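This one's a predicted model, so the numbers in the text were calculated from it and none came from an experiment. These values consider heavy atoms only, across backbone and side chains, with no hydrogens, waters or symmetry-generated copies. Here is the naming used below: chain letters follow the sequence lines, and residue numbers restart at 1 for every chain.
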Amino acid sequence: MLKIYNTLSGKKEVFKPIVEGKVGMYVCGNTVYDFCHIGHARAMISFDIISRFIRHLGYDLNYVRNITDVDDKIIKRAQENNETTQSLTERMIAAQQEDELKLGNKMPDREPKATEFMQEIITMIQTLVEKGFAYQGASGDVYYRATAFAEYGKLNNRKLDEMLAGARIDVEASKEHPADFVLWKQAKSGEVSWESPWGAGRPGWHIECSAMSTNCLGSHFDIHGGGPDLKFPHHENEIAQSEAATGKEYVNYWMHCGAVRVNNEKMSKSLGNFFTVRDVLAKFNPEVVRYLMVSSQYRSAIDYSDQSLHEAKVALERLYTALRGQTLVSSYEATDFTVRFEAAMKDDFNTAVAVSVLFELVRELNKAKAEAPEKAAALATELKSLAELLGLLYQDPEYFLQNSTIVEGLSEEAIQALIDERTQARKDKNFARSDEIRDELDSKGIELLDSREGTTWTRN
RNA sequence: GGCCGGAUGGCAGAGUGGUCAUGCAGCGGACUGCAACUCCGUUAACGCCGGUUCGAUUCCGACUCCGGCCUCCA
């Protein structure tokens, strides 16, 4: 029995799909005007794991995640770069995909782009206008009439009149109500635009998601997810648009992941305190980033720092060390570890508990190595297969341990040459030289590990 | 001001009405030429004040503090 925390109700609920055995999930993707930062990575990884586990439970999942490829910031950035919006967005989409594959994500089933859904967007706006949920203001822009939707605010527990009182927004003159938001925006000269009944222009941010999600998954679907900062106004507006246009309930389960923080502040573009995925991958193996995300539950805020990355690296090394040298078997009997792992995941995807089960499995595995190699092989296989649900432990253990951090320095050949020299010194009982080599490598961040089978190394 | 979330051992991070989280660090031991890995044992926590209860870190209420959203933002 899968339980999901639903933002709409503020509670964990038993998950029940609309059509038995099938799940439709839409996740808000990125606006592609810049490289992904760690906050984006958190959302992408969270929903990747959620999608993996939903499939693992046997559901036929359709996972759709959009790409916002037309927007004010894209236009502005393209102008600054003196390039077309299309060339900018194409570059950023390629970069995003590259980052994401490095982080170990599986790509969504479908990644619709806003620019590919112009007709659907226009049609939806027309419907809203016809039904009285939208109007064209004096500026020519088309707005959603928030006051016409009685349930406006239901996702965020807000009331329209209270929002008016606390509104800090500069109210645009052509809006009837401060909470009204743009559906269609008139193009300024030189801006990329599409023809519409209201003139050449481009869609507002929220309408594209309503149009893409309902066209890809139907008017009513199971799960809608996104980052914590999309709850309001984006998702509130999506509900208002979609339910007004289709006359049906829009989404059953709303899911939002937690923020990534830096120095106790949210990482965000507007604060400028963000680190890109590329920044981090220059220093750490990508799986370290993934482990950091997985080590806490997807809804909790996560603190990002060199220290938290380092701790993630050390923890991951323990998992990989257990797998080192282990042969895997073609089939194994699932133990209680699998039962407990799955139980944790079924409880609103509690990856923190699931990971703790992996560590308990590792202790059992390490114990079995000497006494019961067959049991160890079975446990190692079980570990790999559970970790795969989190997208972890997919690398060769030796490779990971040697490359958990990325540093300029000694080449593998140089390290091996020193190890060979040291092995000979040890054979000759020349421990002074042996220790000298250990210290020399240690000072360069290389740690040596002696065992009966020989000497291996790890980067610190 | 409104809405939402949080406060757990040295750090990170789960969870539970009464016996274990887990990882790192610490301490004692085994193993080891040294070191590491690994194993065994071990120390240590539930913001504050009330209430409910035989018993609360866990439920309820007040308080304090922190974060998020209310403006583009995963």
[X] side chain, from C-beta outward: closest of [options]:
X	options	answer
A:Asp450	B:A74, B:A35, B:C70	B:A35
A:Gln307	B:A74, B:C11, B:C39	B:C11
A:Asn264	B:C34, B:G67, B:C70	B:G67

Integer angstrom distance from the [atom1] of [N] to that of [M]:
N	M	atom1	value
B:G18	B:C4	P	29 Å
B:A45	B:U16	C1'	14 Å
B:A30	B:G23	P	22 Å
B:C24	B:G13	C1'	11 Å
B:C34	B:U22	P	30 Å
B:G68	B:U53	P	40 Å

* Asked: Run the side-chain contact (heavy atoms from CB on, under 4.5 Å) check on A:Val289 and A:Val277 step by step: do they pass?
  -> CA-CA 9 Å; A:Val289 179; A:Val277 170; over 6 Å; no

Residues [X], [Y]: salt bridge by 4.0 Å N-O rule:
X	Y	answer
A:Lys283	A:Asp306	yes
A:Lys266	A:Asp229	yes
A:Arg433	A:Glu421	yes
A:Asp141	A:Lys175	no
A:Arg145	A:Asp180	no
A:Asp34	A:Lys73	no

Nearest-angstrom distance from the residue atom [atom1] of [X] to [atom2] of [N]:
X	N	atom1	atom2	value
A:Leu401	B:A36	CG	C1'	12 Å
A:Glu364	B:C40	CD	C1'	14 Å
A:Arg452	B:A35	CZ	C1'	17 Å
A:Arg438	B:U32	CZ	C1'	10 Å
A:Glu236	B:G2	CD	P	19 Å
A:Arg290	B:A74	CZ	C1'	16 Å
A:Asn350	B:U16	CG	C1'	13 Å
A:Lys367	B:A30	NZ	P	19 Å

Mind checking [X] for me? I need base, sugar-phosphate or nothing, with any heavy atom below 4.0 Å counting as a touch.
X	value
A:Met267	base
A:Leu448	base
A:Ser308	nothing
A:Arg65	nothing
A:Val260	base
A:Gly39	base
A:Ser268	base
A:Gly153	nothing
A:Asp435	base
A:His37	base

Residue [X] excluded, over 12 heavy atoms near [atom1] under 6.0 Å:
X	atom1	answer
A:Gln416	CD	yes
A:Tyr399	OH	no
A:Glu374	CD	no
A:Asn263	CG	no

* In dot-bracket, 5' to 3', how would RNA chain B read with Watson-Crick or G-U wobble pairs under 3.5 Å, [ ] for crossing ones and | for pairs to another strand? -> (((((((..(((.....[...))).(((((.......)))))....(.(((..]....))).))))))))....

* Between A:Ser295 and A:Arg324, which has a closest nucleotide on RNA chain B that is more 5'? ->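 With A:Ser295 and A:Arg324 compared, the 5'-side residue is A:Ser295.
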
* Any donor-acceptor pair under 3.5 Å from A:Asp336 side chain to A:Val339 backbone -> no

* Asked: For residues 384-400 of chain A, which residues have at least one heavy atom under 4.0 Å from RNA chain B?
  -> none

* Under the side-chain hydrogen bond (donor to acceptor under 3.5 Å, both in side chains) criterion, do A:Ser9 and A:Glu13 qualify, and how do the steps go? -> CA-CA 9 Å; A:Ser9 64; A:Glu13 298 174 10; 2.4 Å; yes

Mind listing the side-chain donor-acceptor pairs of residues 292-299 of chain A below 3.5 Å, one per line with the distance, residues two or more places apart or on another chain?
| residue | atom | partner | partner atom | Å |
| --- | --- | --- | --- | --- |
| A:Ser295 | OG | A:Tyr291 | O | 3.4 |
| A:Ser295 | OG | A:Leu292 | O | 2.9 |
| A:Gln297 | OE1 | A:Arg299 | N | 2.9 |
| A:Gln297 | NE2 | A:Asp348 | O | 2.7 |
| A:Gln297 | NE2 | A:Asp348 | OD2 | 3.2 |
| A:Tyr298 | OH | A:Asp348 | OD1 | 2.8 |
| A:Arg299 | NE | A:Asp348 | OD2 | 2.8 |
| A:Arg299 | NH2 | A:Asp348 | OD2 | 3.0 |

* Looking at A:Arg290, A:Gln402, A:Lys102, A:Gln395, which hits side chain to side chain contact (heavy atoms under 4.5 Å, CB included) with A:Asn285? -> A:Gln395

* Determine: side-chain N/O of A:Asn366 to OP1/OP2 of B:C39, distance under 4.0 Å, yes or no. =>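 Yes, such a contact exists.
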
* Phosphate OP1/OP2 of B:C69: any A:Lys266 side-chain N/O under 4.0 Å -> yes

* Asked: Between A:Leu2 and A:Met345, what is the shortest heavy-atom contact and its length?
  ->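 Smallest heavy-atom distance, with atoms named: CD1-O, 4.0 Å.
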
* **A:Tyr250 and its ring-ring contact (aromatic ring centres under 6.0 Å, His included) partner, picked from A:Phe221, A:Phe149, A:Tyr26** => A:Phe221

For nucleotides 57-62 of chain B, which of its nitrogen or oxygen atoms have a protein nitrogen or oxygen under 3.5 Å away, and what is each distance?
none

* Heavy-atom side-chain contact between A:Trp254 and A:Ile223 under 4.5 Å -> no

Show the distances under 3.5 angstrom between N or O atoms of the protein and N or O atoms of nucleotides 3-6 of chain B.
| residue | atom | partner | partner atom | Å |
| --- | --- | --- | --- | --- |
| B:C3 | O2' | A:Asn156 | O | 2.9 |

* Indicate for each nucleotide in nucleotides 19-24 of chain B, in 5' to 3' sequence, whether protein heavy atoms under 4.0 Å reach the base (B), only the sugar-phosphate (S), or nothing (-). => --BSSS

* Considering only heavy atoms and no angle criterion, is a donor-acceptor pair shorter than 3.5 Å present between the side chain of A:Ser270 and the base of B:C72? ->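 Per atom types, the contact qualifies.
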
